[in-house]
Amino acid sequence: MRHIFLKSATAALMLVGFTACADDLNISSIDPQSSTSYDAMGLLAKQYATLGLTGQKGPAGNGDISGDEGESGFYRTTFNLMELPTDECLWAWTTDTDIPQIQYIKWNSDSPRVQWAYQRLGYNITQYNYYLEQTKDAADAATQGYRAEVRFLRALHYWYFLDLFRKAPFKNTFDIYELPVEKAGKALYEWIDQELTEIEPLMAEVAAYNNSSNFGRADRGAAYMLHARLALNSEVYTNGAVKDYQKAIDYCNLLENKYQLSKTAKNGYTGYAQVFMADNDENTQAMQEIIFPIRQDGLNARCYSGATYVVCSTRIAGMPYVGTSNPWSCIFARSSFVKKFFPNLDCPVAADAAPDGSTEQWIVEQDEKEGTSTAQLMALAGDDRAMLYSGCGGGVRKLDADLIAGFTSGLSIVKWQNIRCDGGKTHDIEFPDTDIPLFRYAEVFLTRAEAEFRKNGNVATEQTRQDLNQLRQRANASTYTAASDITESILLDEWCREFYLEGRRRSDLVRFGSFAGDKYIWAWKNEKKAGSAVDDHFNIYPIPLDDINNNKNMHQNKGY
């Protein structure tokens, strides 16, 4: 695997270029670099394409960033830094580039995967700055609205910089001669806060794009959700200088009843499961929960970074309902994650692997005999969100492995699916149609529940109880009868149960003071089966050494 060519975000933020248009948005485009005129909607589509594509051809062959194109995408690079070091999952193949360092929390300033995320964020911001430069003189209301959407995308990327690195190589203009300046902590927090405040009135109304015509565009609901997420983390991002918990609550209140949780089972698939299926852009109730998705399409928006990554990496050949012709057998559950649904690890596991040549029907029937199908595990856990598989397809899995020796060292997580709940065919058997919900309505309830808890001196309120119960009722799980039953650890566990493998777990653990240190120890933390503490400087990723060397304005984070 080669290093990505761009050596720093300095280079990315001084780059002239555009990514390909996502055909999935049904918008054609004209490149302004080769034409004196351009189609406004086409240019807008190019900005959204930076979230879901990795180059000009797809899935590989002319990448935005040189190197392994599949490793360079926005969702894959950020997902890896947010998920692999946490209590939720492990990567099976420890000889892959930088995998041990990331999943065992041992990275340094030379980490390739840290650099890949840093470069992708910088590259995308450059595209947004270029678009905003090209359209700055447009006076029509439509273009002003488009500009607000692109400013939202830029603010979203600066949020990732703030969350992962606690600073950013900052530029809000397109200028190839000036190096980005360092904007960190409270200053970057306040810039994002102010930027969102300015653009929100310019964006379409809340849920205006929550429909088949405009699904995938950011309206005011997406900005409000990012604003609430920013405010919930305010104390962490500003080192205690700002505690905007009421602001988080206020933004959540603006979203209440504008969307709906997906609740009704269809064709054997729970409401929760439907949010992560291949027709989540056509299934009305799934769409009503998704506030802002990354569009994916098995024919027109192919890459190895988005839905392909989360579907293929969590499957192995021989599993039933695999949904892809290319299972990678990479990501599996840590025992600490299984404990969120089975506290005593009393989850049934297949006794023997399915014989070679077994049909899918035989495997399904054998799993049901042994009680190891996903539906049976959900029923046993008493929670529809326990989308685990412990059956015989693909091998015998372990609940708590002594060694990381391949994909069956843990249970399989089958939350992401390239299967349609209506029984129809997907566009492609390898590249999923499944849109990635970057923001969804469930976050409103957990954000408000936690903000109420923090505002009340880390004591749960009745609002906290009601919000958690909204999600537990949807999952057909038991509910909390009294606010006094809810502790900080319960809140943290609910974040996990609702949002696992959605690219945010590290952020939640840091906010709860549970990522570094010894407050919370999980399986294989610090490369030990039982886990052990890591130093506090790992709460923040390092600025890649190449960027330090190429940009005199950037300074290394403490501990690196």
Side-chain angles (χ1 to χ4, degrees), residues 1 19-26 49 51-64 67-77 79-80 89 91-93 96 216 269 273-283 286 293-332 357-360 363-364 374 387 389 393-395 406-408 412-437 501-503:
M1 186 180 296
T19 56
C21 173
D23 292 339
D24 193 42
L25 294 174
N26 295 317
L51 301 177
L53 299 179
T54 55
Q56 306 299 319
K57 289 178 63 176
N62 190 8
D64 298 327
D68 187 334
E69 184 177 336
E71 293 278 14
S72 71
F74 166 77
Y75 194 68
R76 183 169 179 171
T77 57
F79 178 99
N80 284 342
C89 63
W91 187 271
W93 313 114
D96 285 0
Y269 298 104
Q274 291 169 51
V275 178
F276 309 98
M277 298 186 71
D279 54 351
N280 62 356
D281 64 335
E282 299 176 34
N283 178 351
I294 298 175
R295 296 305 305 271
Q296 299 284 268
D297 183 285
L299 287 183
N300 302 312
R302 293 180 169 187
C303 74
Y304 293 111
S305 179
T308 303
Y309 180 56
V310 290
V311 171
C312 294
S313 67
T314 55
R315 302 301 195 280
I316 191 171
M319 285 176 63
Y321 314 117
V322 69
T324 176
S325 61
N326 187 18
W328 299 353
S329 60
C330 298
I331 292 176
F332 63 89
S358 298
T359 65
E360 182 175 69
I363 293 170
V364 168
T374 298
M387 298 189 68
Y389 176 71
F407 183 74
T408 56
S412 298
I413 303 172
V414 293
K415 175 174 178 172
W416 294 97
Q417 302 182 68
N418 186 33
I419 298 172
R420 296 176 61 98
C421 79
D422 64 4
K425 289 186 177 180
T426 58
H427 285 126
D428 189 81
I429 190 59
E430 178 179 1
F431 296 97
D433 292 334
T434 312
D435 286 359
I436 297 169
L501 286 202
E502 291 187 54

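Distance CG/Leu299 to NE2/His427: 5.5 Å, rounded to 0.5 Å. Ile413 CD1 to Thr374 OG1: the interatomic distance, rounded to the nearest 0.5 Å, is 11.0 Å.
Heavy-atom minimum distance, Gly394 versus Ile316: O-CD1, 3.7 Å. Closest heavy-atom contact between Cys421 and Asn283: SG-ND2, 3.4 Å. Of all the heavy atoms in Cys303 and Gly52, the pair that sits closest is SG-O, 3.1 Å. Pairing each heavy atom of Gly503 with each of Tyr75, the nearest pair is N-OH, 4.0 Å. Taking all atoms of both residues into account, the shortest heavy-atom contact from Phe407 to Ser412 is CE2-OG, 3.4 Å. For the pair Pro59 and Thr54, the tightest heavy-atom approach, listed with the atom from each and the gap, is O-OG1, 3.8 Å.
The shortest side-chain heavy-atom distance between Asn418 and Met277 does not fall under the 4.5 Å cut-off. Side-chain contact between Pro293 and Asp281: absent, with no pair of heavy atoms (C-beta onward) separated by less than 4.5 Å. Val364 places a side-chain heavy atom less than 4.5 Å from the side chain of Tyr321. Counting heavy atoms from C-beta outward, Phe276 and Met387 have side chains that stay 4.5 Å or more apart. By the 4.5 Å heavy-atom criterion applied to side chains, Met319 and Pro327 are not counted as neighbours. Within the 4.5 Å cutoff, side-chain heavy atoms of Tyr269 are placed close to those of Ile419. Side-chain contact between Ile331 and Trp91: present, with at least one pair of heavy atoms (C-beta onward) separated by less than 4.5 Å. Looking at heavy atoms from C-beta onward, Trp416 lies in side-chain contact with Ile436 at the 4.5 angstrom threshold.
Remark: the backbone N or O of Gln417 is paired with a side-chain donor or acceptor of Thr434 at under 3.5 angstrom. For the pair Asp433 (side chain) and Gly298 (backbone), a donor-acceptor distance under 3.5 Å is present. The backbone N or O of Asn280 sits nowhere less than 3.5 Å from a side-chain atom of Asp435 that would complete a donor-acceptor pair.
Listed by first then second residue, pairs satisfying side-chain hydrogen bond (donor to acceptor under 3.5 Å, both in side chains) with a partner in residues 301-317 read Asn80-Tyr309, Arg302-Asp428, not counting sequence neighbours.
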side-chain contact (heavy atoms from CB on, under 4.5 Å) evaluation trace for Leu501 with Phe79: CA-CA 8 Å; Leu501 286 202; Phe79 178 99; 3.9 Å; yes
